[in-house]
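Atoms considered below: every heavy atom in the structure, side chains included; atoms not considered: hydrogens, waters and symmetry mates.
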Amino acid sequence: MFKLMKLEMRKGKFGWYVKGAIIANLFLAAFSCAMGFIGRIEENFPFSSYSDVFIVLGALVRATFIVFGAVLISRLVIEEYKTKTISIMFTYPVSRKKFIASKLLFVSGITFITIFISNLIVVSAFISINSFFNFVPHSIDLNSALKEVASMMTYAIAAAGTTLVSLYFGLRKQSVPATILSSLLIVGLISQHSPGYFSTASIIYIPLGLAAFGISSAFWAIRNVERMDIV
């Protein structure tokens, strides 16, 4: 399985993903600090506590890279089915199920790693800037920080599974737009946050439920790969 994942990395050109992730991290870090500066000028701070900081920035990071994950699924699976190039891969002396499973495991793995690392980078950048400008009036202690890091990991795992939901819609139509559009609808659902009112971004059960559906979709795709029309 891991050999197939390595083969996928060698075969695919993922420079766009790395560059995109770097640009996204820079943008999100700058955007979070800009919110602090604008809130300070207007005396309407978007973050009342560090809890809000972790919720909002975490939601932005997850939304960004769930869409990135859908693009990966489009390139590695949907486009290959649509253009029939996957039939060439199926001539290799490797189980079709293992072949598809390696692709999906690769997408989930890279999505989890990117979200977790990006979350750490963006939040760390904000905390560093906040130490000079005091956007958030309260400090964060070590125990609270460690709890938030553990929460980041949980949400990253859930997001890695949630990314696979777009596979279901993409394969049904063998459509790249359907794959990406479904990911946009999903991030719209799980990224809402209104302090003091309603927040889907802070309810872990929603992404966990979507992750369960995404994993089920992956098993469905793997199980039915022998019967999928590629001719």
Side-chain angles (χ1 to χ4, degrees), residues 21-40 43-70 105 107-165 183 186-216:
I22 292 171
I23 293 170
N25 274 274
L26 292 173
F27 174 80
L28 291 172
F31 180 70
S32 64
C33 294
M35 285 194 293
F37 281 113
I38 293 171
R40 189 170 189 175
E43 296 184 354
N44 182 22
F45 289 98
F47 309 122
S48 59
S49 66
Y50 266 109
S51 178
D52 282 338
V53 171
F54 282 98
I55 290 172
V56 173
L57 299 189
L60 289 172
V61 169
R62 291 192 298 276
T64 301
F65 291 106
I66 284 174
V67 176
F68 271 48
L105 187 60
V107 172
S108 293
I110 198 170
T111 299
F112 165 75
I113 292 169
T114 307
I115 287 176
F116 183 66
I117 293 176
S118 297
N119 219 332
L120 289 174
I121 291 172
V122 174
V123 170
S124 297
F126 181 86
I127 292 174
S128 298
I129 297 297
N130 185 69
S131 65
F132 294 101
F133 296 98
N134 294 319
F135 302 134
V136 180
H138 310 291
S139 60
I140 183 169
D141 57 63
L142 180 60
N143 288 334
S144 297
L146 291 175
K147 288 180 181 178
E148 292 293 350
V149 170
S151 179
M152 282 183 197
M153 184 168 291
T154 303
Y155 273 100
I157 292 171
T162 300
T163 300
L164 298 174
V165 173
S183 72
I186 290 166
V187 300
L189 171 66
I190 65 175
S191 303
Q192 300 177 42
H193 180 65
S194 299
Y197 295 96
F198 181 71
S199 172
T200 58
S202 60
I203 303 174
I204 185 61
Y205 301 107
I206 295 176
L208 285 177
L210 287 169
F213 180 74
I215 293 170
S216 298

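- Checked by atom type and distance alone, the side chain of Thr200 pairs as donor or acceptor with a backbone atom of Gln192 at under 3.5 Å.
- Taking every heavy atom of both residues into account, Phe112 and Met153 meet most closely at CE1-O, 3.8 Å.
- Expressed to the nearest 0.5 Å, how far OG of Ser108 lies from CD1 of Ile157 amounts to 11.5 Å.
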Please lay out, stage by stage, how Asn130 and Tyr50 fare under the test side-chain hydrogen bond (donor to acceptor under 3.5 Å, both in side chains). CA-CA 11 Å; Asn130 185 69; Tyr50 266 109; 2.8 Å; yes

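- Nearest heavy atoms, Leu208 versus Ala158: CD2-CB, 3.9 Å.
- Of the options Thr114, Ile121, Asn119, Ile115, a side-chain contact (heavy atoms from CB on, under 4.5 Å) to Ile117 is made by Ile121 and by none of the others.
- Rounding to the nearest 0.5 Å gives a distance of 12.0 Å between CZ of Phe133 and OG of Ser128.
- By the side chain to side chain donor-acceptor pair (under 3.5 Å) test, Thr154 is found to be paired with no residue, residues two or more places apart in sequence or in another chain being considered.
- Between Val107 and Thr111, the shortest heavy-atom distance links the atoms O-OG1, 2.7 Å.
- Residue Leu189 holds its CG atom at 6.0 Å from CG of Leu210, rounded to the nearest 0.5 Å.
- In this structure, OG on Ser118 lies 12.0 Å from CG on Leu57, to the nearest 0.5 angstrom.
- Remark: side-chain polar atoms of Ser151 are not paired, donor with acceptor, to backbone N or O of Lys147 under 3.5 angstrom.
- If you take CG on Leu164 and CZ on Phe213, they are separated by 11.0 Å, rounding to the nearest 0.5 Å.
- Within the model, atoms CD1 of Ile204 and OH of Tyr155 stand 4.5 Å from one another, a figure rounded to the nearest 0.5 Å.
- Closest heavy-atom contact between Val122 and Ser32: CG1-OG, 4.4 Å.
- At a threshold of 4.5 Å between non-hydrogen side-chain atoms, the residues Ile190 and Ile66 count as touching.
- Across Ser191 and Ala59, no two heavy atoms sit closer than the pair OG-O, 3.9 Å.
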For the pair Phe65 and Asn25, evaluate side-chain contact (heavy atoms from CB on, under 4.5 Å) and give the outcome as yes or no after the intermediate values. CA-CA 10 Å; Phe65 291 106; Asn25 274 274; 4.0 Å; yes

Decide side-chain contact (heavy atoms from CB on, under 4.5 Å) for Val123 and Phe54; before the verdict, give the C-alpha distance in whole Å, the side-chain angles of both, and the deciding distance to 0.1 Å. CA-CA 7 Å; Val123 170; Phe54 282 98; 3.4 Å; yes

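- Contact between Ala70 and Thr163 at its shortest, heavy atoms only, is N-CG2, 3.9 Å.
- Phe126 and Phe135 have tilted rings, their planes meeting at an angle from 30° to 60° on a 0 to 90° scale.
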